[in-house]
Structures are given as structure tokens and as C-alpha cells.
Peer 1: 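I am attaching a structure below and will ask some questions about it afterwards.
Letters A, B, ... are given to chains in the order of the sequence lines, protein chains preceding strands, and every chain is numbered from 1.
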Amino acid sequence: MEMLSAKYNPAETEDKWYSYWLEHKFFHSEPDSREPYTIVIPPPNVTGILHMGHVLNNTLNDVLIRKARMDGKNACWVPGTDHASIATENKVVAKLKAMGISKEDLTREEFLAHAWQWKEEHGGIILKQLRKLGASCDWDRTRFTMEPDLSRAVINTFVYFYKKGWIYKGVRMVNWDPEALTAVSDDEVVHKDTQSHFYHLRYYVSDGAGNPTGKYLVIATTRPETIMADAAICVNPADERHRWLRGKKVLIPLINREIPVIEDDYVEMDFGTGCLKVTPAHDVHDYEIGLRHNLEVLDIIDERGRLNEKARILVGEDRFVARKKIVKMLEEAGNLEKVEEYTSPVGYSERTNAVIEPRLSAQWFLKMDTLAKVALETVESGRTRFIPEKYMNSYRHWMENARDWCISRQLWWGQRIPAYYLPDGRYVVESTPEAALEAARAICPGIKMEDLRQDEDVLDTWFSSWLWPISVFDPDMPGNPGHKPNADLAYYYPTNDLVTAPDIIFFWVARMIMAGNEFMGRQPFSNVYFTGIVRDKIGRKMSKTLGNSPDPLDLIKTYGADAVRIGMLLCSSAGNDIFYDETQVEQGRNFCNKIWNSYRLIKGWNTDASIAQPEASAMAVKWFANRLSLAVETVEDHYSKFRISDALMTTYRLFWDDFCSWYLEIVKPSFGEAMDVATYEATLGFFESLLKMIHPVMPFITEELWQNMAPRKDGETIMYAPSPVSNGYDASVIDAFAFASEAVNGIRNVRNQKNIPPKEKLSLVVKGWFPMSMEGIVKKMAGVGKVDFVSGDSKVSGATFLVRTTEITVPLTGLVNEEEEIAKLQKDLEYQFRFLEGVRKKLSNAAFTAHAPEAVVANERKKEADALSRIGIIQKQLDSLKNK
RNA sequence: GGGUGUGUAGCUCAGUCGGUUCAGAGCACCUGCCUUACAAGCAGGGGGUCGGCGGUUCGAAUCCGUCCACACCCACCA
């Protein structure tokens with residue numbers, strides 16, 4: 001074989017192996033007799049592009065799915081995209097605007113044609129990008145939430161709930177986005193403290209004939225532009241200050257419309273002036289007061305946030321412009337008493353950042369009570385587990401307070417609500433126009449198709465994505481009349497793990513649990529792993545506007561996909577935000593290089609059957625076999641608890657420290673010499689096990705080396721090589737090696753301090769316990785030629801150090817500075833005395849020996865004995881140095 | 001305003017049941033090395049009052065209280 005380059009080159013290998021995997025359909029899954037392991041991707045927006053959050057999420061997904069595959073499960077990762085109605089419609093509107101086309105000038109059909117074209121151009125880019133990351137999705141199963149199949153699932157679901165009586169239409173105060181021209185759900189409103197003003201306005205008491213008397217009351221409002229819609233002034237019935245107003249009428253400034261003064265407990269006496277203007281059409285709470293007092297609802301703001309003709313003044317002005325103007329008018333009219341600076345929470349649209357306008361409109365709602373109750377129970381019973389568990393609390397709070405879900409959106413991009421109106425205003429809900437016509441004829445014989453008008457609204461995007469774990473397998477959705485059993489659904493559902501960000505716990509996770517329970521009678525996934533939010537290294541969220549988000553594809557190009565995956569995983573403990581730092585990707589790249597070069601070393605070795613296995617090598621093989629088993633157990637434990645970064649770190653250190661720095665250095669033959677066959681084969685075996693352990697996190701380099709290290713047939717892959725298993729381990733071997741490595745460190749330390757070149761052989765005098773099996777290893781790793789084991793009374797001089805209670809001396813006549821040696825020993829002695837003092841204090845405490853468990857006390861006694869023994873040794877050394 | 005969570009080395013984090021020579025890891029840093037796999041490397045090293053205070057206990061990074069700082073979620077004081 002050709003010489004491998006000194007540096008790993010990811011670009012060359014990644015495309016090659018990804019194509020190989022695709023070619024052999026290694027990612028594809030079909031139901032069979034194996035245990036299934038299923039993940040559905042959190043579908044990214046169809047027109048989105050890959051950002052660091054996706055990298056994190058999909059790396060974790062890929063690690064889990066690859067691990068499961070190597071564990072022998074039938075692993076299926078279903079990819080796909082979300083039509084993201086508001087986000088996508090906004091993008092299309094913006095694009096059309098740039099082309100000089102306004103949405104209003106288009107018919108619904110024309111607009112949708114543009115939208116679909118946009119989708120064809122940009123849709124799925126993100127899925128292609130995921131391939132660069134190594135994501136092993138079953139691409140044959142790729143889904144899109146607005147494809148015909150999944151749309152059918154959505155419509156059927158709507159009809160299902162409507163017929164169940166859980167979907168209803170109602171006029172409600174909704175969160176209106178005047179830019180997107182649609183209602184949005186409560187969850188899509190972001191409250192931000194906003195600097196504004198508190199205007200104190202005089203309302204004069206009417207004389208009964210619509211003329212102002214000299215008396216007035218004062219209200220405080222942040223929205224003076226809505227006074228024309230006032231229906232009453234409200235005071236608290238217990239408020240003495242305003243008793244005189246009872247039964248009076250007052251006049252709205254500027255327009256002089258007469259409104260009553262009413263009383264309601266809602267009004268806080270100590271806030272503002274104690275007088276509240278009630279504007280039922282433009283405030284949720286005012287609307288409720290209006291209902292209680294039977295007040296007129298006067299809507300003076302249009303869908304774009306402009307005053308309409310009902311306002312009588314400032315008609316056509318934007319609400320914020322109108323606010324400025326009306327303040328001036330009020331001031332001139334003498335109605336403005338004062339203006340205060342004021343900060344209050346204001347709702348903004350998550351999508352457009354427009355200030356939300358509370359607005360009355362007819363919307364469709366889905367009842368949440370039963371769905372939420374069952375969904376809460378699913379998580380509380382542990383059928384779905386949250387990792388980390390802390391999200392349980394907010395989940396419970398939300399589920400216990402879930403309000404009915406406003407599922408209609410005044411958009412075109414999405415599934416159109418299957419409600420069909422008759423000319424008389426009645427409507428029917430059916431999954432197809434034909435069925436609707438039939439239903440309509442039942443209540444209105446002779447009606448024709450062209451008489452029916454379908455509802456203009458579409459459904460909230462989440463009303464399709466909540467079906468995702470079911471609909472990707474069976475778009476017909478169980479629960480509907482005539483539904484046939486579906487083999488895929490039966491096999492893959494419920495899915496195992498869901499990896500997602502915590503900010504969509506209510507939008508998506510909770511609702512999938514609801515749909516899963518409703519249609520399947522059980523949870524859609526067993527575990528939900530919440531990732532953190534990816535931030536830059538100084539803690540800011542990654543965003544386009546800040547420009548602090550690297551392009552993942554650039555990173556992959558520079559460092560390689562494996563390195564990017566490692567960089568992401570290194571800093572990702574579950575549930576904590578991720579502070580992304582490019583140095584972590586560098587660390588990943590360095591690790592790739594380390595793996596690469598260790599392989600170059602092994603590959604360069606020649607074997608010679610006539611060479612006997614050196615003792616040190618035999619011991620190293622024995623030790624590493626044990627060490628490997630221990631690590632496998634640790635890693636498995638980490639995976640079982642979703643501690644992915646810990647699993648990675650354990651593997652990383654096993655490879656770098658134990659395998660490269662210790663094992664390979666021990667078995668490495670001198671330059672130009674051959675190696676014995678037994679060691680060589682054991683080494684290859686270890687290396688393969690290590691590659692398999694690393695593969696889920698670094699798929700490309702491990703496939704490359706695995707393919708290279710032995711002849712492989714076409715169609716073979718490390719992807720399906722079984723995960724290494726533990727054969728159990730002998731703790732005494734691992735401990736003996738640990739002792740040996742401490743001894744080696746001590747000797748190297750002496751070498752460093754005395755400036756002894758590495759090639760110069762040292763001799764060693766050992767007093768005390770020493771694992772004889774490790775002698776060869778110590779000799780090789782520390783450059784030691786001769787070891788003398790002597791009794792405790794022997795006098796030795798040189799550089800001395802302790803390993804546990806064993807005294808090891810490097811005899812160095814000439815090189816040892818006795819002053820320094822004495823100072824060092826004295827310092828050590830002091831430490832030992834302090835330590836002993838602490839231990840004895842504990843032991844002399846009667847309460848301690850009485851209360852503490854036997855094992856703890858015994859351990860303290862051992863500590864005492866060890867300390868005494870070490871003190872004895874050090875003192876003897878000091879004596880011999882001083883008496884010279 | 002209410003709730004939840006976090007605070008351990010310069011940075012990112014682990015630390016399970018209160019007790020192992022427990023104060024750890026990785027990175028960064030310092031010193032010495034271009035030693036024939038790897039300078040993207042090797043060998044060695046320094047560094048923390050476990051956010052503050054108080055309590056429980058024989059014993060506290062760990063449990064309780066309180067305060068401080070930060071983060072997130074929820075929320076109608078017009």
C-alpha cells in the first residue's frame with residue numbers, strides 16, 4: 001500500500017465514504033425481526049439553511065442512531081422538512097416584493113405557485129447539507145409536512161377532531177400580527193419590556209345632553225389612540241375617591257361621545273388614577289369587562305394596524321402615528337393632564353417583530369383540556385422521560401394551564417381548513433369537497449358545488465408537525481374511519497429518542513405527545529433529550545444579524561466533518577447552553593490527526609514469526625485488554641444516561657492516553673526492527689475495537705481506516721460492525737499498571753529535573769512493594785537498565801521518590817544536590833504530618849468512630865498507617881542524607 | 001411580579017448515596033524537547049476559600065436556611 005500522508009485529509013475521504021454508504025443503502029431500514037430503534041428528525045424549515053443549532057442537534061441524533069445500529073438494532077432515522085407556514089410565507093412575500101409584486105395583487109393560486117417554486121428551489125438544501133455532516137438518515141423515507149400524503153393526514157385529523165366536538169369556531173381576542181396579517185398563537189408572542197409613556201387624560205362629566213360640565217375624571221393610558229373605541233370608564237366599587245361618579249356619564253375627548261362610568265373589581269385602586277378606560281375591541285381584559293357589563297364593542301383598528309372610519313378622527317393613520325398626533329390634539333384641547341415615562345411589557349410577534357394588536361376575530365380552536373391532561377400523565381408516569389428532568393416542571397405548569405389552541409392562520413401557505421360554507425352561513429367540515437357537498441346536501445338539498453365556499457384560512461404549522469412521528473410512517477392516520485393497519489407504523493412506533501431544543505417543548509414536543517396518545521394510544525417517544533442553545537463563546541445567541549454564527553459548511557471544509565462533530569459534542573452537556581468556540585473544533589481535528597498517525601505507526605510495522613513476544617509487550621496486551629473492557633463499560637453507562645460528551649471524553653482519553661501514550665509506546669519495536677506476531681495481532685484487534693467505539697462520533701475517519709486496515713469486501717462497512725463489548729476486567733491488573741505508570745512518571749521527573757537525556761539508561765533501587773509483572777514496562781517506558789530490589793534497611797543514595805509506600809531511588813552520585821534533596825524531603829514530610837494530624841483528629845473523635853460506618857473508619861486507619869509508613873521512610877532518608 | 005435552573009481552575013464542564021489520598025477532566029497556560037507515527041506532537045509542571053453568610057452533622061462541593069449574581073420560562077396592573 002502507498003504511504004499515508006502525515007496529516008489526515010478529510011475532504012478526500014468524506015465524500016467517498018458518504019457515497020459508498022448511500023450506494024449500498026446502509027442508511028435504509030425496513031421492518032424485520034430485529035429490535036427497532038427509531039428517531040424522527042426535528043424537521044427543519046424547508047427553506048432554511050444549516051446553522052450551528054442544526055449541527056448540534058443532528059450530530060447528537062447521528063451518534064445515537066449509529067450507536068444503535070452497531071448495537072444490532074434495526075436503526076431508522078426519518079428525515080424531512082417542515083413547511084413552516086408563517087416563516088416561509090414571509091420569505092415568499094419578501095421575495096415577491098423585491099420583484100415588484102405585491103401579495104394582494106395575486107390570487108391565492110398564483111401566490112401558491114410562487115411559493116411552490118420557491119420551495120422547489122430552496123427546499124431540501126438543508127437536507128443536502130446534513131449529508132456533509134455525515135448524517136445517516138434514511139433518505140428514502142424523506143418527508144415534507146405539506147406533501148400530499150402528510151397534508152391528507154392533517155386534513156383527516158382536523159375532521160376527526162371536529163367530529164369529536166373538540167374543534168370549534170369562535171370569535172375571540174387573538175394576537176394579531178399586523179404585518180403578517182394573521183393571528184398567531186400565545187406561544188408565538190414574545191413579551192419585551194418597552195419604554196413608553198403613561199398619558200393622563202381628562203374625561204369631562206356630561207351634563208346629560210352631551211355637553212361637558214366643569215367636572216372631570218382622569219384616566220391613565222399607554223394607548224391614547226384607542227380612546228375613540230372606549231365603551232366605558234371603570235372604577236373599583238370600593239374606591240371612595242370615585243364614589244361621586246356613580247351613575248354619571250362622561251365624554252370621550254375630541255369626539256365627545258358619551259360613555260357610562262361602571263364599577264368592577266378588576267380595577268386596581270392603587271394603580272394609575274384608579275380610573276380605567278374600557279376598550280373592549282382592543283384589549284383582552286377590557287373585552288372581558290365588556291362581556292360582564294354588556295358593553296358595545298367598537299373596533300377602530302383595521303388589519304394593518306391603521307385607524308378605520310369608526311374612529312371618526314385620524315382615519316387611515318397607523319396606530320403609532322395616530323398616537324403621536326392624538327397626544328398633540330389632546331394637549332391642545334386641554335385634555336392632557338400629564339405624561340409619565342413608563343416601561344411596560346409589550347407583545348411582539350416572534351416572526352415579524354411587529355407589535356401584537358389584540359384583535360377580535362373569528363378563529364378555529366382545538367380544545368386542550370383532555371389532550372393536555374393525558375399528555376401530562378404520559379410524562380409524569382415516565383412513559384416519556386425528559387433529559388434533563390428539570391423541564392418536567394415547566395411542562396407540568398404549561399399542561400395544567402393549557403388554553404385552547406388557536407389553530408387557524410390567515411395565510412395561504414399551509415393546509416387549508418376543510419370547512420365549507422353554505423350561502424346561508426352554515427358550514428360543513430369534510431375531508432374532501434365531494435364529501436362536503438354530500439354533507440351540505442343533507443342539510444340543504446339541491447345545493448351545488450359552486451355554492452360552497454371553503455374557509456380561507458390555513459392551519460397552524462404545528463398542527464401538521466404534531467403528527468410527525470405517526471404521519472411519516474402512516475399518513476392515513478389511525479383513528480380515521482376505514483383505516484387499515486400499517487406495518488411500518490406498527491414496527492417503528494413508538495420512536496425511541498427525540499433530540500430537540502427546549503424552546504419548542506410546548507409548540508412541538510407536548511403536542512406530539514398529545515397526538516401520539518390520541519391516535520396511537522401511547523407516547524410517541526420514550527426519551528426526549530433537550531439540547532442547549534448554541535451561543536458564541538461570550539454567551540450571545542448565534543444570529544445572522546450579529547454575524548457571530550460560523551457557516552457549518554465552511555467549518556467542515558476547513559477542519560473536516562468529524563472534527564466539527566467532536567467540537568460540538570465536547571461542549572454539550574445535556575440541557576445546558578453550548579458555548580461554541582472554534583478551538584474545540586481544532587481539538588477535534590487534532591484528534592483525527594492523532595488517530596490517523598497512530599494508524600500510520602501500526603501500519604508501518606513488520607512482523608517476524610521467529611521473534612518471541614517480549615515480556616513487556618505481553619503484559620501491555622494483558623493490561624490494555626482489561627483497560628478496554630473497563631472503558632467499554634464506562635462508555636455504555638454514559639450512553640445509557642445520554643451523557644454523550646462524557647462517553648466521548650472517555651473514549652478520547654482511552655485512545656490518546658492509554659492506547660497511544662502508553663500501550664503503543666510499550667509495544668513499539670526499536671527503529672528498523674520487526675515485531676512479534678502475537679503483539680501485532682493483538683494491537684490490530686485493539687485498534688479495530690477503538691475505531692468501532694469512535695465510529696458513532698467520527699464516522700468518516702473510522703470508516704476510512706477500518707477499510708484500510710484489512711482487506712474488505714465491497715458492501716462491508718464499520719457502520720454495521722458490532723460495538724465492542726466488555727469481557728470483564730481484572731482490577732488488580734489495572735491497579736498494577738497504575739502503580740507502574742506512577743513509577744515511570746517519578747523517574748521521568750527525576751530525569752527532567754536533573755537534565756538527564758532520554759537515551760541515558762538509569763538504574764533503580766526499589767524498597768517495598770512492587771508489581772513484578774510490570775518490571776519490563778517500567779524499564780522500557782522510563783529508560784531503566786537495571787532494577788535492584790532491596791530490603792528496608794539498605795542504605796541507598798540518589799534521587800528518591802515515593803510511589804504509595806514504596807521508596808524508589810535513582811542512584812545518581814554526582815548529580816544530586818543534597819541541600820535540595822533535603823529541602824524537598826522536608827517539605828514532603830511536613831505535608832505528611834499535616835495529613836496524619838487530620839486523620840488522627842478524626843480517629844480520636846469518639847463520635848466519629850461511633851457513628852461512621854465500619855468501612856469509613858477502617859479506611860481512616862489505613863490512611864493513618866500509610867502516612868506513618870511514609871513518614872518513617874522520609875525520616876530515614878533525611879537521616880542518611882544529613883549523616884553523610 | 002411568579003416560577004425554574006445555574007454558580008467548582010483562565011475557559012467549558014464532571015463530581016452518583018454526605019465519607020476512597022476528593023477537590024477532578026479536557027482545553028488554555030508555563031518549562032524542556034524538531035526523541036524516525038503525529039510540533040495538529042512528546043515529557044513534565046503550576047493553578048481553585050467549590051458564589052457569600054449561617055445552620056444540621058462525628059464529617060458538607062454534596063443536605064437545610066438566607067443573601068448575591070446570572071440564565072431561562074410564565075405573567076393583563078391599564
Peer 1: Using the side-chain heavy atoms of A:Arg403, tell me which of these nucleotides is nearest: B:rA37, B:rG19, B:rA75.
Peer 2: B:rA75

Peer 1: Report the nucleotide, chosen from B:rU21, B:rG45, B:rG41, that has the shortest atom-to-atom distance to any side-chain atom of A:Asn749.
Peer 2: B:rG45

Peer 1: Using a heavy-atom cut-off of under 4.0 Å over every strand shown, decide if A:Pro853 touches base, sugar-phosphate, or nothing.
Peer 2: base

Peer 1: Which nucleotide sits closest to the side chain of A:Arg643: B:rC42, B:rA14, B:rC58?
Peer 2: B:rA14

Peer 1: Less than 3.5 Å between a donor and an acceptor, one on the side chain of A:Tyr266 and one on the base of B:rC76, is that the case here?
Peer 2: yes

Peer 1: Using a 4.5 Å cut-off on heavy atoms from C-beta on, say whether the side chain of A:Tyr266 contacts that of A:Glu288.
Peer 2: no

Peer 1: With a 3.5 angstrom cut-off on both distances, give the Watson-Crick or G-U wobble partner of B:rC38, or none if there isn't one.
Peer 2: none

Peer 1: Is there side-chain contact between A:Ile289 and A:Ile262, with heavy atoms separated by less than 4.5 Å?
Peer 2: yes

Peer 1: Side-chain contact test, heavy atoms from C-beta onward, threshold under 4.5 Å: evaluate it for A:Glu704 versus A:Tyr599 and give yes or no.
Peer 2: no

Peer 1: Taking only the side-chain heavy atoms of A:Arg870 (C-beta and beyond), determine which of B:rG19, B:rU21, B:rA40 contains the nearest atom.
Peer 2: B:rU21

Peer 1: Among the candidates B:rA37, B:rC58, B:rU21, find the nucleotide nearest to the side-chain atoms of A:Tyr831.
Peer 2: B:rU21

Peer 1: Consider the side chain of A:Asn597, meaning its heavy atoms from C-beta on, and name the nucleotide among B:rG5, B:rA37, B:rA78 that approaches it most closely.
Peer 2: B:rA37

Peer 1: Less than 4.5 Å apart, side chain to side chain, heavy atoms only: is that true for A:Leu664 and A:Ile602?
Peer 2: yes

Peer 1: For the side chain of A:Glu268, starting at C-beta, report the closest nucleotide among B:rG5, B:rG26, B:rC77.
Peer 2: B:rC77

Peer 1: Where the side chain of A:Asp866 is defined as all heavy atoms beyond and including C-beta, which of B:rA37, B:rU21, B:rA40 is the nearest nucleotide?
Peer 2: B:rU21

Peer 1: Is B:rC27 paired to anything, Watson-Crick or G-U wobble with both distances less than 3.5 Å, and if yes, which nucleotide?
Peer 2: B:rG10

Peer 1: Go ahead and name the base partner of B:rU20; Watson-Crick or wobble counts if both distances stay under 3.5 Å, otherwise write none.
Peer 2: none

Peer 1: Nearest whole angstrom, please: distance from the C1' of B:rU21 to the CG of A:Asp828.
Peer 2: 13 Å

